[in-house]
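Below: one structure, written as structure tokens.
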Amino acid sequence: MTSIKDNIANINLQIFNACQQAMRSAKQVTLLAVSKTKTSQMIEQAYLSGQRAFGESYTQEAVEKINKLQKFTDIIWHFIGPIQSNKTKLIAENFSWVHSIDRIKIAKRLNDHRSSKDTPLNVCLQVNISGEKSKSGVTVGELYDLVNVIQECEHLTLRGLMAIPEKNASSQSFEKMQQLFIELQKLHPSVDTLSMGMSGDLVAAINAGSTMVRVGSAIFGAREDK
Ligand SMILES: *Cc1c(COP(=O)(O)O)cnc(C)c1O
């Protein structure tokens, strides 16, 4: 078995090569290490290899790990999972970023629970780009209603868009996301993040302009997802 450190080096090399191929600077792409279901010890190993941004999907489990790892004050925690409204307080209090906003109600609740003492919560809106019934995310048609609500939330900063495209149609979906991202960026100067690409498709995502790849199993090993 390879170590977490080797895996991170390997993924960073894949990101670097994909950026070269796409004629982009590797500085434009951030690696988000998705540590859901993995232990705080494993996160610490990744941290000691230089990794700083971590993504979590399950609130309770995440908050326990965030508390255990408090001494690493420069970890940036991103919430990337489906959001239940009764979890918005914990999410607003413990995370710097949320990628998975797909409803007006959730946006408003996160805003209400973010304290004015804190910096605004960085948010990406999740788009159901492949139009799958089972997937979370706003439809393209609903996107701008949600964008307008975010703009009115003083404790939220709109940073961009997130998608989890269907496995096979991925490069087409990535290109659609890129178009949406470019349009949104023209209207809102705070938008700088296109969160797409996972362990299996990060090269295609970087080709289509992704600025943040969310990589779990290729760093921490396979999971039994809940
Ligand atoms: C679990 C998860 C990932 C990581 O997936 P891997 O295939 O393990 O890299 C990325 N994004 C989201 C939203 C996830 O839930």
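Whatever order the structure lists them in is the order used to number ligands and atoms, beginning at 1.
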Which label fits F54 and F220: parallel for a plane angle under 30°, tilted from 30 to 60°, or perpendicular past 60°?
tilted
Among R214, M198, K36, which one has a heavy atom closest to atom 2 (C) of ligand 1?
K36
Indicate yes or no: does E64 engage K68 in a salt bridge with an N to O separation below 4.0 Å.
no
Enumerated ligand 1 atoms positioned under 4.0 Å from heavy atoms of S57:
15 (O)
So, R114 side chain and E93 main chain: donor-acceptor pair closer than 3.5 Å or not?
no
Atoms in ligand 1 with a heavy atom of I80 nearer than 4.0 Å
11 (N), 12 (C), 13 (C), 14 (C)
Considering only heavy atoms of V215, which atoms of ligand 1 have at least one such atom less than 4.0 Å away?
9 (O)
Which atoms from ligand 1 have a heavy atom of I164 less than 4.0 Å away?
13 (C)
Among S217, S195, S100, closest by any non-hydrogen atom to atom 7 (O) of ligand 1:
S217
Per the salt bridge (charged side-chain N to carboxylate O under 4.0 Å, His left out) rule, which among K36, K65, K38 passes with E56?
K65
Is a side-chain donor or acceptor of N111 paired with a backbone partner of A107 at a separation under 3.5 angstrom?
no
Non-hydrogen atoms of H99 versus ligand 1: any pair closer than 4.0 Å?
no
Is there a side-chain contact (heavy atoms from CB on, under 4.5 Å) between H99 and R159? Walk through the geometry before answering.
CA-CA 9 Å; H99 292 224; R159 297 297 294 269; over 6 Å; no
Please list, in number order, the atoms of ligand 1 under 4.0 Å from a heavy atom of G216.
4 (C), 6 (P), 8 (O), 9 (O)
